[in-house]
Amino acid sequence: MQRAAASTIRRALVLALDFDQTLTTTDTLHLVASTARQKHPERLGFQWFTDKYMEDYDTFKNKWNPIITKHTEEKSVSTALLDQYLEAQRAVEEASLARLSQHAILAGTSRQEFADGGRSVQFQPDAAKVINHFLRFPECHICVVSVNWSEDFIRGALEANGVKVSNRLPIYCNNPEFDHKTGLSTNVIHPRLVAARDKTEVIAKVKNKIALQHRAEPIVVYIGDSLTDLPSLLLADAGFLVGQSDSVCKWCRLLGIEFDSPRPTEGNKVLYHLHDWSKAQHIIDQLVSQSKPKTIDKSFV
């Protein structure tokens, strides 16, 4: 039944996917770090970086908790406040990447070694099957949008879990700088995606590109698991939350957003709880097969 639905695609699809704990069963940043540390055991352990990150994050939360409480009491919580909150967290994430660069945590590693490190990663049940399902159709455009530290690591994980990786599946994430002569990573990590707004901007650019390509506005689906994903989940025509993030559920309550219910004032966008990747595939199949094409304005082209 699912194949029949998707075989009649009436509208282009942008399917944007977070990586850690969305596609994967666990967070993988420690595996990225350990991939590089295998050759350099003298380097600082990953726990030191985690502790420093949590110190910064606790300071951030202590500053913002009273602000959120005040808005909650005044019933003035909004998506604008969420955006301000998440953008303020950018400093925490940038400081973390700066520490990683300062201590050369990913240096001296080849792209193939990062890819090999990703091969130990386990995906959520049926996640790879769903990706491959939509990769079959030229109207479906899939991308990974992640705050992870290595494109090669993500690509290795995709391949190891059976995803047919090609240039049709771009990966947007942070990445080490590589020395052109040695082919090894330097101490520099380019901070391309560190905050929620970075994700929404990438997805907007992909959406515009696909709209121009098809001369019609595509359906946008986003799948993620954390608060950094929430703006992208809410901007998508269909957002799927993986897991039961306390912070995401809290903000949804504050914003008055109900799961699995269309939001009429926002074009009937829906935020779903993803319990089964196969069911998510069925919902997306219905969207692309039943939704009428929306031709873009000529001024947009």
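In this structure a side-chain-to-backbone donor-acceptor pair under 3.5 Å is missing from Ser34 to Arg37. Proximity of a side-chain donor or acceptor of Ser185 to a complementary backbone N or O of Thr109 within less than 3.5 Å is detected. Not a single donor-acceptor pair under 3.5 Å links the side chain of Asp126 to the backbone N or O of Trp277. Put simply, the side chain of Asn132 gets close to the backbone of Lys164: a donor and an acceptor are under 3.5 Å apart. Not a single donor-acceptor pair under 3.5 Å links the side chain of Arg197 to the backbone N or O of Arg90. Here the side chain of Asn174 pairs a donor or acceptor atom with the backbone of Val147 at under 3.5 angstrom. The closest donor-acceptor contact from the side chain of Asn161 to the backbone of Val121 lies under 3.5 Å. Between the side chain of Asp51 and the backbone N or O of Trp48 there is no donor-acceptor pair closer than 3.5 Å. At least one donor-acceptor pair closer than 3.5 Å links the side chain of Ser120 to the backbone N or O of Gly117.
Using a 30° and 60° split on the angle between ring planes, Trp64 and Tyr85 fall in the perpendicular class, above 60°. Classified by interplanar angle (parallel below 30°, tilted 30° to 60°, perpendicular above 60°), the ring pair His30/Phe46 is tilted.
Arg155 and Asp152 are not joined by a salt bridge, as no carboxylate oxygen comes within less than 4.0 angstrom of a charged side-chain nitrogen.
Among residues at least two apart or in separate chains, salt bridge (Lys or Arg N to Asp or Glu O under 4.0 Å) pairs with a member in residues 95-110 are Asp56-Arg99. Here side chain to side chain donor-acceptor pair (under 3.5 Å) pairs that include residues 219-231, with residues two or more places apart or in two chains, are Thr22-Asp225, Lys199-Tyr222, Lys199-Asp229, Tyr222-Asp229, Ser226-Asp229. Residue pairs meeting the salt bridge (Lys or Arg N to Asp or Glu O under 4.0 Å) criterion with at least one member in residues 59-78, sequence neighbours excluded: Lys70-Glu74.
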Distance-only donor-acceptor hits, side chain of residues 248-260, under 3.5 Å, sequence neighbours excluded:
from	atom 1	to	atom 2	distance (Å)
Asp260	OD1	His273	N	3.3

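Every residue was checked against the side-chain contact (heavy atoms from CB on, under 4.5 Å) condition with Thr59, not counting sequence neighbours, and none meets it. Residues passing the side-chain hydrogen bond (donor to acceptor under 3.5 Å, both in side chains) test with Glu201, sequence neighbours excluded: none.
Of all heavy-atom pairs between Trp149 and Ala33, the closest is CZ3-CB, 4.4 Å. In terms of heavy atoms, Ser261 sits closest to Val270 at N-CG1, 3.8 Å.
Among the candidates Leu135, Val144, Ile142, the single residue satisfying the side chain to side chain contact (heavy atoms under 4.5 Å, CB included) test with Val163 is Leu135.
The local environment of NZ in Lys269 is crowded, with over 12 non-hydrogen atoms from other residues, nucleotides or ligands closer than 6.0 Å.
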